[in-house]
Amino acid sequence: MEEARQDNARQAALDYHEFPKPGKLEIRATKPLANGRDLSLAYSPGVAEACLEIKADPATASRYTARGNLVAVVTNGTAVLGLGNIGALASKPVMEGKAVLFKKFANIDCFDIELNEPDPYKLADIVCALEPTFGAINLEDIKAPDCFIVEQLCRERMKIPVFHDDQHGTAIVVGAAATNALHVAGKSFADIKVVSTGGGAAGIACLNMLLKLGVKRENVWLCDLAGLVYKDRNEQMTEQKAAYAQGTTAATLADVIKDADLFLGLSGPGVLTAEMVAKMAPRPIIFALANPNPEIMPDAVRAVAPDAIMATGRSDFPNQVNNVLCFPFIFRGALDVGATVINDQMQLACIDGIAALARATTSAEAAAAYSSEKLTFGADYLIPKPFDPRLIGVVASAVAKAAMETGVATRPIHDLDAYREKLNGSVFKSALIMRPVFEAAATVSRRIIFAEGEDERVLRAANAMLEEMTDKPILIGRPEVIATRCERAGLPIRPDKDFEIINPESDHRYRDYWGSYHELMARQGVTPDIARAVMRTNTTAIAGIAVHRGDAESMICGTFGQYLWHLGYVRQILARDGLHPRGALSLMILEDGPLFIADTQVNAVPTPEQIADTVIGAVRHAKRFGVQPKVALCSHSSFGNLDSDSGRRTRAALEILDAREVDFIYEGEMNADAALDPELRARIFPGSRMQGPANVLVFAYSDAASTARNMLKLKAGGLEVGPILMGMGNRAHIATPSITARGLLNMTAIAGTPVAHYG
């Protein structure tokens, strides 16, 4: 069985690399090359202008080429993690993988370069010759001590950052994990005894970093295959190991481990035994980082030291020390300020940022990626997970700040807060466009009630509300269930302490709530018994009554169930005093900008009046997001070329808008391609009142709008904000079951915005 499992895993890995096309990288053009003019700009003769600008001022290379966002991952394949000296060609899949991580986590373009050059001095010459091409160099998987030589020579001769990730990336993440482990254990760097195994590049770099963090040199004991590194030892010695020599006599790891506070293993499996752990100081910290098999397994440690704090290099145990927590973001910050080097202060800033992030509440995105783990700061959660999207904003901005403060930035950033927001926006694609809405929501505190308060996505959104906003969450659900799920999700919030709860099973407002519901619905066949049953079982109706009675300003429902079912209760209870659902608007955030789509849910076949009302509502919301709206009324017909039902209704809606003399740009009826392609539109209707692509599409059928929304979300990578229920005075919004915790937070910001901001 185990052999079959391994065979399947091996084949899956090979298939991943081979299909649908070999490898993990491709090169894509960022500029159009569709005609002769494009070609003349991209190459001869237009390219000469950019060349001459760079010749006159080399700093402009970052303006006219990709160099400022381009990193080289360089190796000779002499020390590939877990595989050893496999050679340059065989290392290429690893280097491609590193390039993918750069792109995935920090949007940094990367070339992998594998060199058949074992001589470190010649290797350094080759790397230095690459300086005109790249904004930074990431050295990777070069054996020790050659890696020290290559990095030193390159750093001396090059004016761009050169960073050996095996050394410094590992050291930074170890430094962050050690910082928080000591915090949990109640110890300090200045007082601890450190015993380390492995005198390679990573091991030496980690010890160097621990000294910078405050560990005393005399408290560090380094062992390798030959035992303790001591003064005048000749066997397997290097200059780097000699710097950590202790004493003058031979000793073993078992001899020096006594009373150690921190064991740092970067060696091989089975090096540390349970008997050795038993000799360590109380509340020992054990970083067994050998991969794939650590120096000691966690269960062996727990057997003799249940209170030990442990980290490994593996993803299937808590506290994985993974370089991806560091290298994409330290390079991001360095590139963005045009740093000439990655210095100690930038590395320490990286450590501080990573460590502080782990002590904060876990993000919903990280929790979703690691749903089987409890991500609450403590012995089993010392450092963030690699998929925590907050890393880029926190770490890269800290690195950029340190670079500027130490004078190595050639392109300083003047507004670090704006820079951090931009970085966050590159991960939370909704962040930048949502900023005006969050700012408006911050001007007043509104009570937002969630109908499905037991859902983990709702709990994470409520926690984020308390961290980021002034609005107060109210959750409908059973307190004991909510408390259990908060604890399981690693959230610090608790019922009645941090937020209000309405318990359908027993709440002091029950009599008032069912009475109010009966009063509203008595002439629609709802008896007192039915009203009582609804207020015990229907959380959407309960939320609606809470808003109706003034116990909350807005409600959010729909994380499960059918949209129109929820809408029915919203209509019953809240569609009064001139309020009625006009349409559902989805904001789709795409790579080339925002696109609003309506009506995705409410009116299956809208009348011309309903289409016009939807347009006006969509425009009002687009302005709230800082978008100058250009509305296309979309149908099967384009400018009268078909006598179709959708064409007739959208033409009539156009006439209604004309009569109202609205103050925004709109056009129709037209196909969606004409709406988004101004050149096509100009050919088929040269007299169009709209210039450029539309950014608001209002369809004549809800199924067409919903299909467009889903296609953009699933096939074009669009991020949806909404659906926003228009026409209800911001008193109710209905989500869809696919919504994420971040999506709920965005919807909460919309619900939390005062009605005055609706324009």
> Can you tell me how far apart SG (Cys350) and CD1 (Ile342) are? Round to the nearest 0.5 Å.
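Rounded to the nearest 0.5 Å, the SG-CD1 separation comes out at 9.0 Å.
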> Do Gln347 and Ile330 make a side-chain contact, defined as non-hydrogen atoms from C-beta onward lying under 4.5 Å apart?
yes
> So, Thr60 versus Glu53: side-chain donor-acceptor pair below 3.5 Å or not?
no
> Do Pro22 and His17 have side chains that get closer than 4.5 Å, going by heavy atoms?
no
> Checking Ser738 against Lys713 for the side chain to side chain contact (heavy atoms under 4.5 Å, CB included) test, could you report, in this order, the C-alpha distance in whole Å, the side-chain angles of both residues, the deciding distance, and whether it holds?
CA-CA 11 Å; Ser738 62; Lys713 184 165 64 173; 3.1 Å; yes
> Could you check Arg157 against Glu131 for salt bridge (Lys or Arg N to Asp or Glu O under 4.0 Å), going step by step and ending with a plain yes or no?
CA-CA 10 Å; Arg157 293 161 55 183; Glu131 184 169 353; over 6 Å; no
> Mind checking the NZ-SG spacing from Lys159 to Cys128? Nearest 0.5 Å is all I need.
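Result: 12.5 Å between the selected atoms.
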> Distance check, rounded to the nearest 0.5 Å: Phe134 atom CZ versus Cys110 atom SG?
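Nearest 0.5 Å value for the CZ-SG distance: 8.0 Å.
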> Has the side chain of Glu96 got a donor or acceptor atom that lies under 3.5 Å from a matching backbone atom of Lys24?
yes
> For Asn671 and Ala674, indicate whether the former's side chain and the latter's backbone hold a donor-acceptor pair under 3.5 Å.
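It does not hold such a pair.
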> Just checking Leu33: does its CG atom have more than 12 heavy atoms from other residues, nucleotides or ligands closer to it than 6.0 angstrom?
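Yes, the 6.0 Å shell around CG holds more than 12 heavy atoms from other groups.
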> Rounded to the nearest 0.5 Å, how far apart are CG of Leu41 and OH of Tyr43?
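Those atoms lie 14.5 Å apart.
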> List the atom of Ala400, the atom of Val337, and the distance in Å for their closest heavy-atom pair.
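So the minimum-distance heavy-atom pair works out to CB-CG1, 3.7 Å.
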> So which heavy atom on Ala461 is nearest to which on Leu744, and how close?
CB-CB, 3.7 Å
> Nearest 0.5 Å please: distance from the CG atom of Leu676 over to the CG atom of Leu595.
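It is 6.0 Å, given to the nearest 0.5 Å.
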> Could you check if a side-chain atom of Asp38 sits within less than 4.5 angstrom of a side-chain atom of Lys31, using non-hydrogen atoms only?
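No, their side chains stay 4.5 Å or more apart.
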> Do Leu416 and Met404 have side chains that approach each other closer than 4.5 Å (heavy atoms only, starting at C-beta)?
yes
> Is the distance between the ring centroids of Phe327 and Phe163 less than 6.0 Å?
no
> Kindly give the heavy-atom pair with the smallest separation between Ile351 and Ala171, and that separation in Å.
CD1-O, 4.5 Å
> Inspect the surroundings of CD in Glu156 and state if more than 12 heavy atoms from other residues, nucleotides or ligands are less than 6.0 Å away.
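Check passes, neighbour count above 12.
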> Are a donor atom and an acceptor atom from the side chains of Arg314 and Asn322 found within less than 3.5 Å of each other?
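No - no donor-acceptor pair under 3.5 Å links their side chains.
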> Is the side chain of Glu151 donor-acceptor paired with the backbone N or O of His164 at a distance under 3.5 Å, no angle test?
yes
> Evaluate the criterion salt bridge (Lys or Arg N to Asp or Glu O under 4.0 Å) for residue pair Lys98 and Asp112; output intermediate values, then yes/no.
CA-CA 8 Å; Lys98 189 68 176 285; Asp112 61 291; over 6 Å; no
> When you compare the side chains of Asp15 and Gln11, does any donor N or O come within less than 3.5 Å of an acceptor on the partner?
yes
> What is the distance from atom NE2 of His168 to atom CG of Leu139, rounded to the nearest 0.5 Å?
8.5 Å
> If we only count heavy atoms from C-beta on, is the Leu325 to Leu391 side-chain gap below 4.5 Å?
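Touching, per the 4.5 Å side-chain cut-off.
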> For Lys103, is there any backbone N or O sitting under 3.5 Å from a side-chain donor or acceptor partner on Asn107?
no
> Measuring only between side-chain heavy atoms, which start at C-beta, is Val74 closer than 4.5 Å to Asn138?
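Side chain of Val74 against side chain of Asn138, heavy atoms only: no contact under 4.5 Å found.
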> Give a yes or no answer on whether the side chain of Arg681 reaches the backbone of Ala675 with a donor-acceptor pair at less than 3.5 Å.
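Present.
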> With a 4.5 Å cut-off on side-chain heavy atoms, are Leu289 and Val174 touching?
yes
> Quick one: does Asn343's side chain get under 4.5 Å of Val408's, heavy atoms only?
yes
> Among Ile137, Val71, Thr340, find the residue that satisfies the side chain to side chain contact (heavy atoms under 4.5 Å, CB included) test when tested with Ile160.
Ile137
> Do Ser40 side-chain atoms and Arg37 backbone N/O form a donor-acceptor pair below 3.5 Å?
yes
> For Gly722 versus Ile739, what's the shortest heavy-atom pair and its separation?
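Shortest heavy-atom contact: O-CD1, 4.1 Å.
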> Among Leu587, Asn695, Leu719, find the one that has a side chain to side chain contact (heavy atoms under 4.5 Å, CB included) with Pro594.
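Considering Leu587, Asn695, Leu719, a side chain to side chain contact (heavy atoms under 4.5 Å, CB included) with Pro594 is found only for Leu587.
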> Under 3.5 Å, is there a donor-acceptor pair linking the side chains of Asn319 and Tyr381?
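The answer is no; no qualifying pair exists.
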> Taking the ring of Phe625 and the ring of Phe596, is the distance between their centroids below 6.0 Å?
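Between Phe625 and Phe596, which both carry aromatic rings, the centre distance is below 6.0 Å.
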> Under 3.5 Å, side chain of Asp141 to main-chain N/O of Gly77, donor-acceptor pair present?
no
> Any chance the side chains of Thr170 and Asn323 put a donor and an acceptor closer than 3.5 Å?
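Side-chain D/A pair, Thr170 to Asn323: present.
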> Measure across Phe699 and Ala708 and return the closest heavy-atom pair with its distance rounded to 0.1 Å.
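Scanning both residues completely, I find the closest heavy atoms to be CZ-CB, 4.0 Å.
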> Yes or no on side chain to side chain contact (heavy atoms under 4.5 Å, CB included) for Ile597 and Leu712, after CA distance, side-chain angles and deciding distance?
CA-CA 10 Å; Ile597 297 178; Leu712 288 171; 3.5 Å; yes
> Is it the case that the side chain of Asp677 and the backbone of Asp673 share a donor-acceptor pair, with hydrogens and angles ignored and the cut-off at 3.5 Å?
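Side chain of Asp677 to backbone of Asp673: no pair is present.
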> So Asp146 and Leu123, side chain to side chain contact (heavy atoms under 4.5 Å, CB included) or not? Walk me through it.
CA-CA 9 Å; Asp146 294 359; Leu123 182 59; over 6 Å; no
> For the pair Arg332 (side chain) and Ala106 (backbone), establish whether a donor and an acceptor sit closer than 3.5 Å, ignoring hydrogens and angles.
yes
> Please test Lys630 against Val696 for side chain to side chain contact (heavy atoms under 4.5 Å, CB included), starting from the C-alpha separation and ending with a verdict.
CA-CA 6 Å; Lys630 291 190 287 187; Val696 180; over 6 Å; no
> Would Arg420 and Asp417 satisfy salt bridge (Lys or Arg N to Asp or Glu O under 4.0 Å), going step by step from the backbone distance to the final call?
CA-CA 5 Å; Arg420 189 179 298 107; Asp417 289 337; 3.1 Å; yes
> Assess, by modelled atom type and distance only, whether the side chains of Thr75 and Lys92 contain a donor and an acceptor separated by less than 3.5 Å.
no
> Short question: side chain of Ser397, backbone of Val394 - any donor-acceptor pair under 3.5 Å?
yes
> May I have the step-by-step check of salt bridge (Lys or Arg N to Asp or Glu O under 4.0 Å) for Asp336 and Lys422, ending in yes or no?
CA-CA 12 Å; Asp336 289 341; Lys422 181 181 177 182; over 6 Å; no
> Which heavy atom in Met346 sits nearest to a heavy atom in Ala334, and how many Å separate them?
CE-CB, 3.9 Å
